[in-house]
2 protein chains.
Amino acid sequence: MEPKKDSTEDKILEAATNVFVTKGMEGARMQEIADEAGINKALLHYYFRSKERLFEAIFAEIIKFAFPKITRIVTSDEPIVSKIEQVIDAYIDLLIKHPFIPAFVIKEINRDPSGLFKLVVKFGLNPQAIFDQIQLAMDRGEIVQMQPRHLVANIISMCIFPFAARPIISFVLFKDDQQALDAFYAERAEVIKQFVINAIVIKNKEKV
Amino acid sequence: MEPKKDSTEDKILEAATNVFVTKGMEGARMQEIADEAGINKALLHYYFRSKERLFEAIFAEIIKFAFPKITRIVTSDEPIVSKIEQVIDAYIDLLIKHPFIPAFVIKEINRDPSGLFKLVVKFGLNPQAIFDQIQLAMDRGEIVQMQPRHLVANIISMCIFPFAARPIISFVLFKDDQQALDAFYAERAEVIKQFVINAIVIKNKEKV
DNA sequence: GCATGATTTAACCACTTAGTTAAACTAAAA
DNA sequence: TTTTAGTTTAACTAAGTGGTTAAATCATGC
């Protein structure tokens with residue numbers, strides 16, 4: 001995904017990322033990865049002993065990528081609404097650059113959730129801090145009362161789903177007009193921010 | 001998915017639906033489908049000549065299912081907000097009963113979009129009528145101005161995505177507490193409805 | 001020059017897959 | 001009784017699959 005050096009190992013990782021992300025673990029073929037890396041199958045196994053090891057290396061990389069560094073945004077001092085806006089911007093930015101990640105992650109976590117578990121445990125992902133912050137803002141009357149989990153689910157859903165369902169969006173909504181589709185995705189960040197703000201921010205006349 | 005008669009053909013369709021929906025086209029094995037249907041592989045091919053034909057039969061059924069009969073709701077006389085509420089209720093209802101459909105559809109339309117195309121063309125799915133209605137309500141000042149496509153995308157996203165990402169929601173948000181997870185999904189319809197109404201309905205003091 | 005690691009080639013293994021086939025059996029219809 | 005469709009069994013094919021191996025080649029630095 002990132003521009004790599006072009007050592008053989010990096011060429012393999014890049015090729016494997018492409019193939020795995022588009023075809024998935026089961027659909028991917030070692031031969032195809034070798035071809036795309038411009039090497040042969042023997043050398044592929046020379047570097048990464050098995051398909052599973054290669055896949056795990058790439059899956060971990062992608063998951064780290066898919067849970068972006070919202071930690072920094074969340075732990076800042078800014079007001080909650082500003083944080084939400086930044087998270088949405090960060091997500092849409094990421095997804096415009098890597099639109100195939102959502103479908104890949106959904107596919108693989110549903111095929112074998114254990115990979116996700118390991119990584120979540122490893123990185124100590126804990127959403128409680130975020131929920132607490134949201135709850136605090138609600139108690140202060142800045143935003144409407146709702147379960148923080150649902151608010152987070154709503155925001156993440158609106159960010160990610162249109163990329164996961166890209167073929168439907170493209171064909172049903174835009175008749176495969178690529179430019180219109182790109183424009184749509186480019187608008188998403190502003191649209192979602194406005195939508196969320198309308199939905200939760202309490203205009204400061206009377207606070208509930 | 002539906003309770004079938006138990007003719008052999010229906011047993012096969014039921015078994016194939018289960019296997020395809022959980023494993024996908026590539027992960028599914030004809031032998032497993034035969035086993036689950038309580039028959040043998042030869043008979044499976046006797047009824048459905050190939051894996052592809054069997055898959056297509058089931059995929060069409062699922063897609064019909066996944067685009068629920070919102071036509072009836074949309075073409076009714078009720079105000080737009082009421083229609084939106086009904087669509088959300090219909091979607092969440094459907095997904096609680098068939099929570100694996102979103103992941104399956106996302107997987108398969110990304111693997112091979114041509115199946116979707118055929119079906120969309122066949123059923124003459126046209127979202128323009130919906131967009132026109134939404135635009136009308138906006139022009140009448142009932143709801144805020146935004147691109148109807150984005151509004152539809154937002155609503156559908158919030159409905160479907162939490163089911164597609166079920167393993168993440170379950171583990172990260174609920175530590176695999178099944179009861180809490182079920183409760184979460186049961187709350188979704190009300191939460192989404194409230195969220196959308198807050199976001200788009202103009203309180204009738206001054207209209208924009 | 002020589003040693004070392006990277007790389008290729010090409011054959012190979014063990015296994016799985018979708019799909020076929022032939023033979024026999026069952027049950028109900030004609 | 002005979003015919004027919006449905007069904008089973010079991011063996012088979014053809015084509016992949018991931019993975020291994022041995023030998024030869026290439027490039028580099030010591």
Side-chain angles (χ1 to χ4, degrees), chain A residues 3-62 104 107-112 114-115 118, chain B residues 3-62 104 107-112 114-115 118:
Chain A
K4 306 271 181 178
K5 295 176 297 180
D6 58 342
S7 76
T8 300
E9 187 164 347
D10 292 328
K11 279 194 301 185
I12 293 175
L13 285 171
E14 202 187 331
T17 302
N18 290 339
V19 176
F20 276 133
V21 164
T22 53
K23 306 280 178 82
M25 165 69 171
E26 278 160 351
R29 299 287 164 246
M30 293 300 269
Q31 187 60 59
E32 190 181 350
I33 294 171
D35 290 346
E36 187 145 331
I39 58 162
N40 49 50
K41 210 174 47 149
L43 194 61
L44 189 56
H45 282 91
Y46 176 83
Y47 277 92
F48 295 87
R49 207 166 309 164
S50 70
K51 186 184 187 182
E52 206 169 338
R53 287 195 186 204
L54 181 55
F55 179 80
E56 275 167 17
I58 273 136
F59 186 69
E61 196 69 20
I62 302 256
F104 170 74
K107 187 190 314 185
E108 297 305 328
I109 59 168
N110 277 285
R111 184 184 63 89
D112 173 22
S114 67
K118 282 182 217 153
Chain B
K4 306 269 181 178
K5 294 176 297 178
D6 59 341
S7 75
T8 300
E9 186 165 348
D10 292 328
K11 280 195 300 186
I12 293 175
L13 285 170
E14 201 185 334
T17 303
N18 290 340
V19 176
F20 277 133
V21 164
T22 53
K23 306 278 176 82
M25 165 69 171
E26 275 159 354
R29 299 287 163 247
M30 292 299 269
Q31 186 61 59
E32 189 181 349
I33 294 171
D35 291 347
E36 187 146 332
I39 57 161
N40 51 50
K41 213 176 43 150
L43 194 60
L44 190 55
H45 282 91
Y46 175 82
Y47 276 92
F48 295 88
R49 207 167 308 163
S50 71
K51 186 184 187 183
E52 206 170 338
R53 286 194 186 206
L54 180 55
F55 179 81
E56 275 168 17
I58 274 136
F59 186 69
E61 197 69 20
I62 303 254
F104 170 76
K107 186 190 314 185
E108 297 305 329
I109 59 168
N110 278 284
R111 184 184 63 88
D112 173 22
S114 67
K118 282 180 218 156

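Letters go in sequence order (proteins before strands), and every chain restarts at 1.
Annotation: A/F55 is in aromatic contact with A/F20 [ring centroid separation under 6.0 Å].
Comparing atom distances between the B/L43 side chain and each of C/dT21, C/dG19, D/dT7 picks out D/dT7 as nearest. With distances taken from any side-chain atom of B/I39 to the nucleotides C/dT9, C/dG19, D/dT8, the minimum falls on D/dT8. Taking only side-chain atoms of B/K51, from C-beta outward, the nucleotide of C/dA18, C/dT8, D/dT8 with the closest atom is C/dA18.
An OP1 or OP2 oxygen of C/dA18 is reached within less than 4.0 angstrom by a side-chain nitrogen or oxygen of B/R29. OP1 and OP2 of C/dT20 both lie 4.0 Å or more from every side-chain N or O belonging to B/Y46. Contact between the side-chain N/O atoms of A/S50 and the OP1/OP2 oxygens of D/dG18 is not found at any separation under 4.0 Å.
A/D10 has its CG atom 14 Å from the P atom of C/dA6, to the nearest Å. Rounded to an integer number of Å, the gap from CZ of A/F48 to P of C/dT7 is 12 Å. The distance between atom OH of A/Y47 and atom C1' of C/dT8, rounded to the nearest whole Å, is 13 Å. Summarising the geometry, the separation between CD1 on B/I33 and C1' on C/dG19 is reported as 14 Å, rounded to the nearest angstrom. Residue A/N40 contributes atom CG, which lies 11 Å from atom C1' of C/dA6 at whole-angstrom precision. Taking atom CG of A/L44 as the reference point, atom P of C/dT8 lies 11 Å away to the nearest angstrom. Per the geometry, CG belonging to A/D35 stands 12 Å off P belonging to C/dT9, to the nearest Å. Taking atom NZ of B/K41 as the reference point, atom P of D/dT9 lies 14 Å away to the nearest angstrom.
At least one side-chain heavy atom of A/I12 sits under 4.5 Å from a side-chain heavy atom of A/L54.
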Could you walk me through whether A/E108 and A/R111 pass the salt bridge (charged side-chain N to carboxylate O under 4.0 Å, His left out) test, one step at a time?
CA-CA 5 Å; A/E108 297 305 328; A/R111 184 184 63 89; 2.7 Å; yes

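With rounding to the nearest 0.5 Å, the separation of OH in A/Y46 from CD1 in A/I39 is 11.5 Å.
Across all strands shown, B/A34 has no heavy atoms under 4.0 Å from either base or sugar-phosphate atoms.
Side chains of A/Q31 and A/D35: a donor on one and an acceptor on the other come within 3.5 Å.
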